[in-house]
Amino acid sequence: MARDLEPTLELARERAEMLRRELETHNYRYYVLDDPVIPDAQFDKMMRELEKIEKQFPSLVTPYSPTQRVGGKPREGFTTVRHLMPMLSLSNAFNENELRDFDRRVRQAIPGETVEYVVELKIDGLAVSLYYENGVLLRGATRGDGETGEDISENLKTVRSVPLRLRRPVPGLEVRGEAYMSKESFARLNEAREEVGEPLFANPRNAAAGTLRQLDPRVTASRRLDLFVYSIGYSEGVNPAGHAAVLSLLKELGFKVNPEYRLFSNLDEVIDYCHHWQTRRFNLPYAIDGLVLKVNSMSLQEKLGATMKSPRWAIAYKFPAEQAISTVRNIFVRVGRTGALTPTAELDPVRLAGTTVSRATLHNEDNIKEKDIRIGDRVLVQKAGDIIPEIVSVLPEKRTGSEVVWSMPFECPACGSNVMRAGGEAAARCTGIACPERLWEGLVHFASRNAMDIEGLGPAVIAQLLSARLIADPSDLYTLRYDDLKPLERLGPKSIRNLLGAIEASKDASLARLVFALGIRHVGERAAKILAGHYESLDRLMFATQEELLSIPEIGAKIAASVVAFFSSEQNRKVIKKLVEAGVNTHAKKNGHSEGGRILEGKVIVLTGVLKDLSRRQAQELIETMGGRVSSSVSSNTDFVIVGENPGSKYNKALSLGVTILGETEFNELINRKGNKLTPLI
Ligand code: IVH
């Protein structure tokens with residue numbers, strides 16, 4: 001038996017290795033060279049095949065497999081690592097004279113030598129170190145205090161431009177570089193944080209640092225960091241003679257090296273190059289805060305040496321912070337997705353960091369109060385991370401006395417609903433579910449896969465429905481007819497029928513999905529499940545009191561307050577009434593199973609293989625609504641394993657541990673027997 005398996009394992013090993021090489025090459029082309037040669041779908045297909053092989057033959061998984069980029073589970077904390085060589089910092093020059101002083105010091109220390117400088121962009125991110133042995137990434141760490149840093153390997157592996165394996169093996173190599181977040185990702189991240197009332201990152205560097213120190217690598221993966229590599233800290237088997245050669249070697253090995261570095265042999269050219277970037281930096285997709293000059297020759301670097309803190313062969317030229325003075329003409333509020341009201345200043349247009357700025361975010365009420373910003377004030381403006389204009393401070397000496405103190409409106413400017421500010425939160429919010437400003441985002445959430453799962457009802461279609469005034473709240477979706485949709489652009493007869501079918505089908509969604517879909521603040525998927533399981537009907541949930549909600553395990557004060565506030569809105573209650581009238585399920589029952597029956601209470605269940613009737617997600621949901629928990633691995637604590645077609649290694653593990661195994665039919669029988677105890681069947 002074991003012998004029969006060997007040829008298959010060998011074939012699988014070869015195939016897996018081939019797929020890994022292919023995937024590495026395409027990953028490199030896409031994320032490092034920015035020059036993809038195959039469509040994403042083809043990449044995904046190869047990835048799925050590799051995942052399948054590795055699932056079937058877990059012994060074939062390698063630490064550098066592209067499947068391992070987001071493998072890690074949330075951690076308790078990071079371990080400390082000592083750097084092989086200290087990671088030094090740079091001394092700074094703030095103007096041309098200080099650069100000339102640096103050049104003079106260098107030349108005096110090594111008289112008679114020809115000095116060449118490599119000049120690089122100084123990326124505004126976070127220094128990290130990556131250690132490879134025989135070409136395989138073993139560890140990634142933060143700079144920390146220069147001597148010791150934190151082991152953030154799992155997080156760095158999620159960065160797609162970090163090679164998990166080098167394009168050519170080198171016995172030992174420690175490289176250093178700057179992890180950073182692009183201006184676009186930074187802006188998007190802050191926008192999302194502002195919406196949910198989380199503190200904003202002041203610049204991309206803080207955002208990158210916060211992201212790399214995330215304990216859950218899945219969060220890091222979702223935030224899209226990138227990495228430019230700029231030096232070698234330690235090496236065995238390679239020994240380039242100059243810094244420019246180091247950069248070429250790093251490129252050759254598969255790292256992303258910033259392409260804007262230049263080699264100069266005289267300082268005037270260096271200074272010109274620095275000035276060149278002073279204005280052009282605003283066109284870059286990532287933030288830089290200056291340039292770095294490095295003596296090219298490695299032997300001269302060695303001769304020059306270092307002080308305790310920084311090398312004598314390098315210096316950072318720092319750009320002056322770009323600020324401008326303008327006048328606050330007015331303050332208005334924008335309403336965001338979750339109803340967050342963001343005060344925004346209208347400014348007299350002013351040139352700043354490459355663009356004309358006429359608005360600045362004021363973030364929230366507290367920020368305005370702290371800085372005492374009034375309408376009519378002269379203010380100092382700068383861009384956070386080169387991109388989001390904000391007010392640094394007011395210039396009180398310019399006040400005339402006619403300035404007007406601003407305060408947050410009590411009513412939403414878009415719909416007139418009450419504005420609420422929950423204790424401990426920075427953001428004030430509109431409480432109206434049918435607020436037109438919130439509507440679009442709210443509907444996108446309502447229809448999304450984890451909520452009502454209405455396929456075909458994406459952001460674009462929702463925008464069309466709204467602008468044609470066919471819908472004004474989620475309940476209107478259920479009254480749409482074929483003829484209503486016919487005039488819409490880009491919707492053919494088939495898509496219309498599919499869409500109406502999907503809307504109809506969503507009426508049967510579980511109560512937990514509906515509660516999640518309503519978009520109640522702080523009520524995520526898990527809280528929605530708990531609430532649905534506890535109350536078993538929307539009616540009962542609607543009349544829940546704060547005390548009652550607080551008595552439910554895992555429901556805290558924030559959620560309780562938000563649920564009560566949500567259902568106390570007359571507008572929200574109206575929408576819910578219409579949902580009920582349209583026939584949307586508001587009870588904890590689905591497919592005849594009693595959600596409240598909880599016949600799987602406390603059971604730990606593992607799924608393996610492909611189920612015919614249910615997707616993984618559906619099966620998991622079903623098990624959870626019946627009180628069970630789905631686990632990803634089989635152990636002696638597993639109560640039973642449900643086996644579909646082509647089961648993976650979990651099946652064998654279950655056999656060897658003697659865990660009860662159920663086929664799909666048996667599972668269906670089990671859950672269809674309402675009220676049955678588990679014992680008779682298993
Ligand atoms: S070289 C000993 N090159 O700037 C030399 N640093 O203040 C170490 N940085 O900690 C750094 N871009 O985080 C170097 N092209 C570049 C850089 C760069 C950004 C950062 C790095 C370093 C800090 C120095």
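For the single chain, residues carry numbers from 1 onward in sequence order.
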>> Under 4.0 Å between a side-chain nitrogen and a carboxylate oxygen: does that hold for D216 and R218?
In response: yes
>> Determine whether a donor-acceptor pair (N or O, by modelled atom type, separation under 3.5 Å) exists between the side chain of R513 and the backbone of A451.
In response: yes
>> Enumerate the salt bridge (Lys or Arg N to Asp or Glu O under 4.0 Å) contacts for residues 564-578, please, sequence neighbours excluded, ordered by first and then second residue.
In response: D473-K578, D476-K578, K577-E581
> How far apart are the C-alpha atoms of I520 and N572, what are their side-chain angles, what is the distance that settles it, and do they pass the side-chain contact (heavy atoms from CB on, under 4.5 Å) test?
Replying inline: CA-CA 10 Å; I520 307 169; N572 293 350; over 6 Å; no
> Do T355 and K383 have side-chain heavy atoms sitting under 4.5 Å apart?
Replying inline: yes
> Is there a donor-acceptor pair closer than 3.5 Å between any side-chain N or O of D226 and the backbone N or O of Y180?
Replying inline: no
>> Considering only residues two or more places apart or on different chains, which pairs with a residue in residues 468-518 satisfy ring pair (Phe, Tyr, Trp, His ring centres under 6.0 Å)?
In response: H445-F516
> Just wondering, do L470 and L480 contact through their side chains at under 4.5 Å, heavy atoms?
Replying inline: yes
> Can you tell me if N646 uses its side chain to pair, donor with acceptor, with the backbone of V610 under 3.5 Å?
Replying inline: no
>> Can you confirm whether more than 12 heavy atoms, excluding those of F567, are under 6.0 Å from its CZ atom?
In response: yes
>> If I take atom CD1 from residue I454 and atom CG from residue L477, how far apart are they, to the nearest 0.5 angstrom?
In response: 5.5 Å
>> Please give me the minimum heavy-atom distance between Y30 and P36, naming the atom from each residue.
In response: CD1-CB, 3.7 Å
>> Please find the pair of heavy atoms, one from L347 and one from A360, that lie closest to each other, and give the distance.
In response: CD1-CB, 3.8 Å
> Going through the distances and angles, do R359 and F332 end up as a side-chain contact (heavy atoms from CB on, under 4.5 Å)?
Replying inline: CA-CA 10 Å; R359 276 176 190 189; F332 62 94; 3.7 Å; yes
> Roughly how far apart are C435 SG and R429 CZ, rounded to 0.5 Å?
Replying inline: 12.5 Å
>> Which residues pass the side-chain contact (heavy atoms from CB on, under 4.5 Å) test with R188, not counting sequence neighbours?
In response: E184
> Rounded to the nearest 0.5 Å, how far does OG1 of T67 lie from NZ of K55?
Replying inline: 12.5 Å
> Can you tell if the side chain of V584 reaches within under 4.5 Å of the side chain of K507, non-hydrogen atoms only?
Replying inline: yes
>> How long is the straight-line distance from CD1 of I462 back to OG of S467, given to the nearest 0.5 Å?
In response: 12.0 Å
> Which pair of heavy atoms, one from R481 and one from L500, lies closest together, and at what distance?
Replying inline: C-CD1, 4.0 Å
> Would L662 and V641 count as a side-chain contact (heavy atoms from CB on, under 4.5 Å) if you check the C-alpha gap in whole Å, the side-chain angles of each, and the deciding distance to 0.1 Å?
Replying inline: CA-CA 6 Å; L662 294 182; V641 175; over 6 Å; no
>> Please find the pair of heavy atoms, one from L549 and one from A544, that lie closest to each other, and give the distance.
In response: CG-CB, 3.9 Å
> Hey, does C430 have a side-chain heavy atom less than 4.5 Å from the side chain of C415?
Replying inline: yes
> Looking only at heavy atoms, what is the nearest atom pair of A345 and V328, with distance?
Replying inline: CB-CG1, 4.2 Å
> To the nearest 0.5 Å, how far apart are OG1 in T586 and CZ in R540?
Replying inline: 12.5 Å
> Does NZ in K558 sit with more than 12 non-hydrogen atoms of other residues, nucleotides or ligands closer than 6.0 Å?
Replying inline: no
>> If we check side-chain contact (heavy atoms from CB on, under 4.5 Å) with P343, which of these qualifies: T361, N367, I368?
In response: I368
>> side-chain contact (heavy atoms from CB on, under 4.5 Å) for M408 and V333? Distances and angles first, verdict last.
In response: CA-CA 8 Å; M408 187 61 86; V333 260; 4.0 Å; yes
> P349: what forms a side-chain contact (heavy atoms from CB on, under 4.5 Å) with it, not counting sequence neighbours?
Replying inline: T356, S358
>> Test: salt bridge (Lys or Arg N to Asp or Glu O under 4.0 Å). Region: residues 406-421. Which pairs qualify, not counting sequence neighbours?
In response: E365-R421, D366-R421
> Would R223 and T211 satisfy side chain to side chain donor-acceptor pair (under 3.5 Å), going step by step from the backbone distance to the final call?
Replying inline: CA-CA 7 Å; R223 289 197 194 159; T211 302; 3.0 Å; yes
>> Among residues at least two apart in sequence or on other chains, which ones pass side-chain contact (heavy atoms from CB on, under 4.5 Å) with N330?
In response: E346, I375
>> Can you confirm whether more than 12 heavy atoms, excluding those of E645, are under 6.0 Å from its CD atom?
In response: no
>> Would you say that R69 contacts T158 through its side chain, given a criterion of any heavy-atom pair below 4.5 Å between the two side chains?
In response: no
>> Can a donor-acceptor pair be found, under 3.5 Å and without considering hydrogens, that links the side chain of N190 to the backbone of L200?
In response: no
>> Treating W406 as the side-chain partner and I373 as the backbone partner, does any N or O pair qualify as donor plus acceptor under 3.5 Å?
In response: no
>> Can you tell me how far apart CG (D508) and CG (L514) are? Round to the nearest 0.5 Å.
In response: 12.0 Å
> Which pair of non-hydrogen atoms, one from V575 and one from P474, has the smallest distance, and what is that distance?
Replying inline: CG1-CD, 4.0 Å
> Is E548 close to Y535 at the side-chain level, that is, under 4.5 Å between some pair of heavy atoms?
Replying inline: yes
> Do L511 and L541 come close enough that some side-chain heavy atom pair is under 4.5 Å?
Replying inline: no
> Is the shortest heavy-atom distance from the side chain of K183 to the side chain of P285 under 4.5 Å?
Replying inline: no
>> Between S506 (side chain only) and M452 (backbone N and O only), is there a donor and an acceptor less than 3.5 Å apart?
In response: no
> Backbone N or O of N155 within a donor-acceptor pair of the Q214 side chain at under 3.5 Å?
Replying inline: no
> Where the side chain of T431 meets the backbone of N418, is there a donor-acceptor pair that is under 3.5 Å apart?
Replying inline: yes
> Are the side chain of S569 and the backbone N or O of G432 linked by a donor-acceptor pair below 3.5 Å?
Replying inline: no
